[in-house]
Novice: 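Submitted below is the structure of interest, expressed as structure tokens.
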Amino acid sequence: MASDCSPPAPEASPQGPGDKLAVFWHEGMLAHDAGRGVFDSGRDPGFLDVLDQHPENADRVRNMVSILRRGPIAPFLSWHSGRPAHASELLSFHSPEYIEELVQANANGAKKFCEGTFLNPGSWGAALLAAGTTLSAVKHILDGHGNLAYALVRPPGHHAQPGRADGYCFLNNAGLAVHLALDSGRSKVAVVDIDVHYGNGSAEGFYRTDNVLTISLHMRHGSWGPSHPQSGSVDEIGEGKGLGYNLNIPLPNGSGDAGYEYAMNELVVPAIDKFQPQLLVFVVGQDSSAFDPNGRQCLTMEGYRKIGQIMRGMANQHSNGQILIVQEGGYHITYSAYCLHATLEGVLDLEAPLLDDPIAYYPEDERYTMKVVDMIKNSWKDSVPFLKDI
């Protein structure tokens with residue numbers, strides 16, 4: 001088991017509210033096009049005049065870029081160019097056989113890896129840029145250039161497992177960054193994933209290790225097929241040396257802002273306090289929002305802002321203010337950008353909101369979610385050795 005007495009993270013002054021967050025981005029990632037069909041299926045039934053653009057499309061990210069460049073948060077950000085990952089860098093997380101499968105699929109022109117996950121011309125280059133851009137973002141922190149970095153990347157990555165694609169994901173961007181942090185001397189890294197879907201790929205990659213704590217807050221969707229055999233249930237807690245270091249928080253549909261804040265404070269904060277990581281990796285997806293077509297969790301800008309504030313508080317306490325933020329899902333073309341803006345406001349610990357919420361109105365009842373969170377906490381006390389006294 002990992003010790004609670006790891007050496008402190010390398011010295012770096014915690015950032016104040018006026019310090020900038022480094023955004024890493026490359027427009028080449030817009031080249032990935034997963035096509036059109038009935039939602040994410042790629043299928044044309046022949047009797048619809050208008051088909052959906054695949055939910056993981058370039059427009060959603062164009063709005064994320066534009067709101068950060070032209071929105072009120074712009075003065076608090078600095079911009080940095082991403083780069084493609086080298087093939088050798090991918091092997092820290094992925095198997096050589098899987099990387100070769102991706103290379104061959106690209107050479108052949110296109111491949112459907114699983115439901116909703118299409119590698120088309122331009123996709124492989126975009127995936128390499130997403131991975132390399134995330135590595136550049138974490139290196140910015142590791143090299144002491146700043147404490148806060150955001151990898152604004154697509155295709156997303158947290159469903160990609162060491163040996164297979166899944167859920168729109170080809171390469172596990174956050175997982176690659178975690179390995180670079182470990183290889184650079186950080187003895188313990190924690191991943192907190194708030195995308196609406198279980199971060200099964202990241203969990204699988206670190207399932208048998210005790211130097212990476214993976215925490216995923218997600219809606220209860222279970223396994224969705226051969227590409228995603230993991231259920232995201234509370235009892236998937238790691239194996240061997242990693243027993244207890246994969247923590248799942250499956251939340252009821254409609255948990256909302258108050259439910260998520262309760263889960264963060266009652267489950268995530270105590271676990272991070274016990275683990276004492278030297279770096280926090282914050283995996284963000286705006287598909288947990290009240291209006292996302294791919295989720296049902298009803299978060300609004302207020303909820304995302306609060307989660308960002310909580311993450312910043314944990315980073316100030318445990319990792320000298322250092323947080324790597326990695327973009328995942330978020331499929332409402334406009335509201336996802338607003339929720340991203342609010343998340344980064346929280347991470348920057350700004351005194352007051354910079355943007356009003358344009359559409360939030362969904363009523364919430366957090367009481368059931370709080371009961372579920374309390375049950376998860378009791379389960380962890382019984383089954384996770386280092387959390388017996390939380």
Side-chain angles (χ1 to χ4, degrees), residues 23 29 32 34 39-40 54-61 63-65 67-68 116-117 130 133-134 137 150-160 166-175 177 191-203 214-221 224 228 230 232 248-251 253-257 259-260 263-264 268 280-301 303-308 310-311 323-344 346-347:
V23 180
M29 289 180 281
H32 172 50
F39 195 56
D40 65 0
H54 191 286
E56 205 295 278
N57 60 69
D59 287 346
R60 55 182 281 271
V61 174
N63 272 345
M64 293 178 186
V65 172
I67 201 170
L68 298 187
T117 306
T133 298
T134 306
Y150 169 45
L152 176 45
V153 295
R154 72 177 289 264
H158 73 148
H159 296 310
D166 177 41
Y168 314 164
C169 303
F170 303 103
L171 299 173
N172 197 302
N173 307 311
V191 179
V192 179
D193 186 335
I194 64 165
D195 185 280
V196 80
H197 304 107
Y198 177 34
N200 61 311
S202 306
T214 53
I215 305 176
S216 177
L217 300 92
H218 49 267
M219 69 179 183
R220 290 187 299 206
H221 53 68
W224 57 55
H228 191 109
Q230 304 87 358
N248 293 332
I249 306 174
L251 295 172
N253 288 356
S255 288
D257 296 343
Y260 265 75
M264 289 292 296
V268 178
L280 281 177
V281 178
F282 184 22
V283 177
V284 299
Q286 296 77 33
D287 44 5
S288 302
S289 86
F291 305 101
D292 199 273
N294 228 338
R296 304 291 182 270
Q297 291 306 77
C298 297
L299 278 174
T300 71
M301 289 177 68
Y304 282 105
R305 190 178 292 109
K306 175 56 69 173
I307 292 171
I310 294 170
M311 290 295 301
I323 308 175
L324 170 68
I325 308 162
V326 183
Q327 182 61 44
E328 297 290 346
Y331 306 105
H332 190 290
I333 296 295
T334 56
Y335 195 58
S336 292
Y338 276 85
C339 292
L340 168 63
H341 195 286
T343 304
L344 299 188
V347 171

Novice: Tell me every residue that passes side-chain contact (heavy atoms from CB on, under 4.5 Å) with Ser336, counting only those two or more places apart in sequence or in another chain.
Specialist: Met64, Gln286, Asp292, His332
Novice: Out of curiosity, Met264 CE to Ile194 CD1, how far, rounded to the nearest 0.5 Å?
Specialist: 7.5 Å
Novice: Is there a donor-acceptor pair closer than 3.5 Å between any side-chain N or O of Tyr150 and the backbone N or O of Ala137?
Specialist: no
Novice: Distance only, no hydrogens: is a donor on one side chain within 3.5 Å (strictly under) of an acceptor on the other, for His54 and Asp40?
Specialist: no
Novice: Between atom CG of Leu251 and atom CG of Leu217, what is the distance when rounded to the nearest 0.5 Å?
Specialist: 5.5 Å
Novice: State the OG1-CG distance between Thr133 and Asn173, to the nearest 0.5 angstrom.
Specialist: 8.5 Å
Novice: Once side-chain contact (heavy atoms from CB on, under 4.5 Å) is applied, do any residues pair with Asp59, and if so which ones, sequence neighbours excluded?
Specialist: Gln53, Asn57, Arg62, Ile333
Novice: Please identify each residue that fulfils side-chain contact (heavy atoms from CB on, under 4.5 Å) with Ser202, with sequence neighbours left out.
Specialist: His158, Asn172
Novice: What pairs with Ser288 under side-chain hydrogen bond (donor to acceptor under 3.5 Å, both in side chains), at least two apart in sequence or on another chain?
Specialist: none
Novice: The criterion is ring-ring contact (aromatic ring centres under 6.0 Å, His included); which residues satisfy it with Phe291, sequence neighbours excluded?
Specialist: Tyr335, Tyr361
Novice: Please answer whether the main-chain N or O of Val196 pairs with a side-chain N or O of Asp287 as donor and acceptor at a distance below 3.5 Å.
Specialist: yes
Novice: Ser216: which residues meet the side-chain hydrogen bond (donor to acceptor under 3.5 Å, both in side chains) condition with it, sequence neighbours left out?
Specialist: His218
Novice: State which residues pass side-chain hydrogen bond (donor to acceptor under 3.5 Å, both in side chains) with Tyr331; sequence neighbours excluded, sorted by chain then number.
Specialist: none
Novice: Any side-chain to backbone donor/acceptor pair from Asp193 onto Asp195? Under 3.5 Å, distance only.
Specialist: yes
Novice: Mind checking whether Tyr168 and His159 have side chains closer than 4.5 Å, heavy atoms only?
Specialist: no
Novice: Among pairs that include at least one residue of residues 150-159, which meet salt bridge (Lys or Arg N to Asp or Glu O under 4.0 Å), considering only residues two or more places apart or in two chains?
Specialist: Glu56-Arg154
Novice: Going from CG on Leu340 to CD on Gln327, what distance comes out if it is rounded to the nearest 0.5 angstrom?
Specialist: 6.0 Å
Novice: If you define the side chain from C-beta out and look only at heavy atoms, does anything of Phe282 sit under 4.5 Å from Ile307?
Specialist: yes
Novice: Using the test side-chain hydrogen bond (donor to acceptor under 3.5 Å, both in side chains), find all partners of His32 that sit at least two apart in sequence or belong to another chain.
Specialist: Ser123
Novice: If only atom types and distance count, is the side chain of Asp166 paired as donor or acceptor with the main-chain N or O of Ala160 below 3.5 Å?
Specialist: no
Novice: Does the side chain of Val281 come within less than 4.5 Å of Val326's, by heavy atoms?
Specialist: yes
Novice: Do Ile249 and Ile215 make a side-chain contact, defined as non-hydrogen atoms from C-beta onward lying under 4.5 Å apart?
Specialist: yes
Novice: Any side-chain heavy atom of Phe170 sitting closer than 4.5 Å to one from Thr117?
Specialist: yes
Novice: Are Asp257 and Tyr304 side-chain neighbours, meaning at least one heavy-atom pair lies under 4.5 Å?
Specialist: no
Novice: Got a sec, which residues hit side-chain contact (heavy atoms from CB on, under 4.5 Å) with Ala290, two or more places apart in sequence or on another chain?
Specialist: Cys298, Tyr362
Novice: Show the numbers, then the answer: is there a side-chain contact (heavy atoms from CB on, under 4.5 Å) between Met29 and Val61?
Specialist: CA-CA 9 Å; Met29 289 180 281; Val61 174; over 6 Å; no
